[in-house]
Enquirer: 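What follows is a structure written as structure tokens; I'll ask about it next.
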Amino acid sequence: MYDRIKGFRDFYPREMQSRQQVIETVESTARGYGFRPIGTPALEQAKMYADKSGEEILDELYAFEDRGGREVALTPELTPTVARMVVARQQELSKPIKWVSTRPFWRYEEPQQGRFREFYQTNVDIFGTSDPAADAEILAVAGDALSNLGLTGEDFEFHVSHRDILGGLLEGFDADVDTTAAIRAVDKRAKVDRDEYFELLESAGLSDSQAAEFDDLLGTPEADLDDLVAFAGTDRVAAAVANLQAVLAATESFGVREYCTLSLTTARGLDYYTGTVFECFDSTGEVSRAVFGGGRYDDLIEGFGGQPTPAVGFAPGYATLSLLCQRAGVWPEETLQTDYYVLQVGDTQSVAATVARELRERGHVVESDVSGRSFGAQLEYADSINAETVVIVGERDLENGEVTLRDMESGEQTQVAIDEFPGANTRPTVANFEN
RNA sequence: UCCGGGCUGGGGUAGUGGUAUCCUUUGGGCUUGUGGUGCCCAAGACGUGGGUUCAAUUCCCGCGCCCGGACCCA
């Protein structure tokens, strides 16, 4: 026996079916908005990550030298890759660029709740527009995806914030503030105790009283956002507040406004965010971390050597999304789906195969015996794969030119002339042939 | 990388310093024309390496994996 690699998982058919259903729901929601599926490599140059986040990041990656002497890394996230792709074809791609992708990523981290070394994410991004409608559309795809999964506003909430409001406010203090460090501190606000939080703010450059004042500002309710503009008195904050208000207003028409709550303490650790940022939380708090997050990153493409290109996106990970769905009781049932089982009695293999083929042509999942099993054993198997209808192709019935249809749920059966089956029916059931 | 807890057939469990209970499962049979109930047969486990011991699944240590947490969260 071989052990599985730590942090990597196997998915057996029942669970896989549910996962695929959930993934398909999210992806098709995005496709419905015109996000186009893309495919991306599992390996990238390691320096793509090192340049962006520093050499230390390589310790948290599956990074190695390949046989050609290239320093490569298994992709820990998609954003740098799509940024690279956008830059490479900048001229030919019509804007806005709207892409969606679902695939695994790898990070060399310690597994814990909602976190694995191999994990799956759907990335949904828009490039080439800074219009608040784009931010709102991203929130809309996120909200629609969750509601298509059966979740409601009772189950989750989007904590929406704005990087530039935070940055602008910090800039307004008469102090030499390390904005990045201060935003990191904000990001930790809920996790560390109050003293530690203030210490972090102070080490970022704020004085004791400034830190208190800043923290106070973060509690500003949505209705009083304009107070922040007045406080800072800068164009930057005024523009940021106006932008956030415009985004929130736009979510109204997308029908996802109800999910959004202003939460200036939501910062996201990520350095590249520039404007709107948001995180999705389980409203009961049972899922200990953010289910997923997203936001605007207007400078990244330029940083990758492209034309200035605004961008906004989000990326649900299925580890946490599954936890949320399970908690909310909307995780798809983990049972196999089989439309038909064609049961053979005696030497009826060829007729059974024809019946099975005709049903498959109608798009169904159809199984038949491939083990030479007995009648009872075949029925038992049909039950074990959760077959809805069993078509019994037996020598006795065939003598009369008939097959027997059996509804596995009710146990009802009926005889059908083989010539009429499946006939014009797209999904023939016992009910279609009962007289 | 660090901290805490765990590891007995595929899954769930009982138990013990002298090799293991029960349930379920899987395969076959009773039964190649009616299953999901029953009966019979069979398969299948002490994560791994080392130490202590006459003897280790049991006690000790390392490692692996799992669960949770810290760090990090791109």
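Numbered from 1 within each chain, the chains take letters A, B, ... in sequence-line order. Just the heavy atoms: all of them, side chains too, but no hydrogens, waters or symmetry mates, feed the values below.
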Enquirer: Going by modelled atom types, is there a donor-acceptor pair between the base of B:rG33 and the side chain of A:D397 at under 3.5 Å?
Expert: yes

Enquirer: Should A:F314 and A:F158 count as side-chain neighbours, where that means a heavy-atom distance under 4.5 Å?
Expert: no

Enquirer: Take the protein atom OH of A:Y272 and the nucleotide atom P of B:rC73, then report the distance between them rounded to whole Å.
Expert: 12 Å

Enquirer: Ignoring hydrogens and angles, answer whether the base of B:rC72 and the side-chain atoms of A:R289 contain a donor-acceptor pair closer than 3.5 Å.
Expert: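 Flag unset: no donor-acceptor pair detected.
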
Enquirer: Taking 4.0 Å as the cut-off, does a side-chain nitrogen or oxygen of A:R373 come that near to OP1 or OP2 on B:rG28?
Expert: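 Looking at the OP1 and OP2 atoms of B:rG28, one of them is under 4.0 Å from a side-chain N or O of A:R373.
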
Enquirer: Between B:rG33 atom P and A:I392 atom CD1, what is the distance in whole Å?
Expert: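 So the two atoms are 11 Å apart, to the nearest Å.
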
Enquirer: Scan A:L61 against the nucleic acid and name what it touches under 4.0 Å (heavy atoms): base, sugar-phosphate only, or nothing.
Expert: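 Contact class for A:L61: base.
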
Enquirer: Figure out the CZ/P separation between A:R4 and B:rG64, and round it to whole Å.
Expert: 16 Å

Enquirer: Pick base, sugar-phosphate or nothing for A:I57, based on heavy-atom distances below 4.0 Å to the nucleic acid.
Expert: base

Enquirer: What is the minimum heavy-atom distance between A:P13 and A:L336, and which atoms define it?
Expert: CB-CD2, 4.0 Å

Enquirer: Taking only residues two or more places apart in sequence or in another chain, which ones pass side-chain hydrogen bond (donor to acceptor under 3.5 Å, both in side chains) with A:W331?
Expert: A:E334

Enquirer: Looking for any heavy atom pair under 4.0 Å, which part of the strands does A:Q413 touch: base, sugar-phosphate only, or nothing?
Expert: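 If one applies the 4.0 Å heavy-atom cut-off, A:Q413 turns out to touch a base.
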
Enquirer: Reading 5' to 3' and counting Watson-Crick or G-U wobble pairs with both distances under 3.5 Å, write the dot-bracket notation for RNA chain B, | for bases paired outside the strand.
Expert: (((((((..(((.....[...)))((((((.......))))))...(((((..]....))))))))))))....

Enquirer: Under 4.0 Å between a side-chain N/O of A:R184 and OP1 or OP2 of B:rC73, yes or no?
Expert: yes

Enquirer: Compare side-chain N and O positions of A:Q344 against OP1 and OP2 of B:rU32 and report whether any pair is under 4.0 Å apart.
Expert: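 For B:rU32, OP1/OP2 do not have a side-chain N/O of A:Q344 under 4.0 Å.
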
Enquirer: Using a 4.0 Å heavy-atom cut-off to protein, can you give one letter per nucleotide of nucleotides 38-44 of chain B, 5' to 3': B if the base is in contact, S if only the sugar-phosphate is, - if neither?
Expert: -------

Enquirer: Let me know the distance between CD of A:E56 and P of B:rA74, rounded to the nearest Å.
Expert: 15 Å

Enquirer: Is A:R194 close enough and on-axis enough to A:F198, meaning under 6.0 Å and within 45°, for cation-pi?
Expert: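 Verdict for A:F198: no cation-pi partner in A:R194.
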
Enquirer: For B:rU25, does the glycosidic angle fall within 90° of 0 (syn) or outside that (anti)?
Expert: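 Anti conformation here, the glycosidic angle of B:rU25 being more than 90° from 0.
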
Enquirer: Look at the aromatic rings of A:F278 and A:F292 and report parallel, tilted or perpendicular, splitting at 30° and 60°.
Expert: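 Ring orientation of A:F278 relative to A:F292: perpendicular.
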
Enquirer: Does A:K188 put a side-chain nitrogen or oxygen below 4.0 Å from OP1 or OP2 of B:rC72?
Expert: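 For B:rC72, OP1/OP2 do have a side-chain N/O of A:K188 under 4.0 Å.
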
Enquirer: If I take atom CZ in residue A:F119 and atom P in nucleotide B:rC73, what distance separates them, rounded to the nearest angstrom?
Expert: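 In whole Å, B:rC73 P and A:F119 CZ are 14 Å from each other.
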
Enquirer: Between A:T79 and A:Y297, is any side-chain donor less than 3.5 angstrom from a side-chain acceptor?
Expert: no

Enquirer: Give one of base, sugar-phosphate or nothing for A:S384, where a contact means two heavy atoms less than 4.0 Å apart.
Expert: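 Here A:S384 touches no strand at all.
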
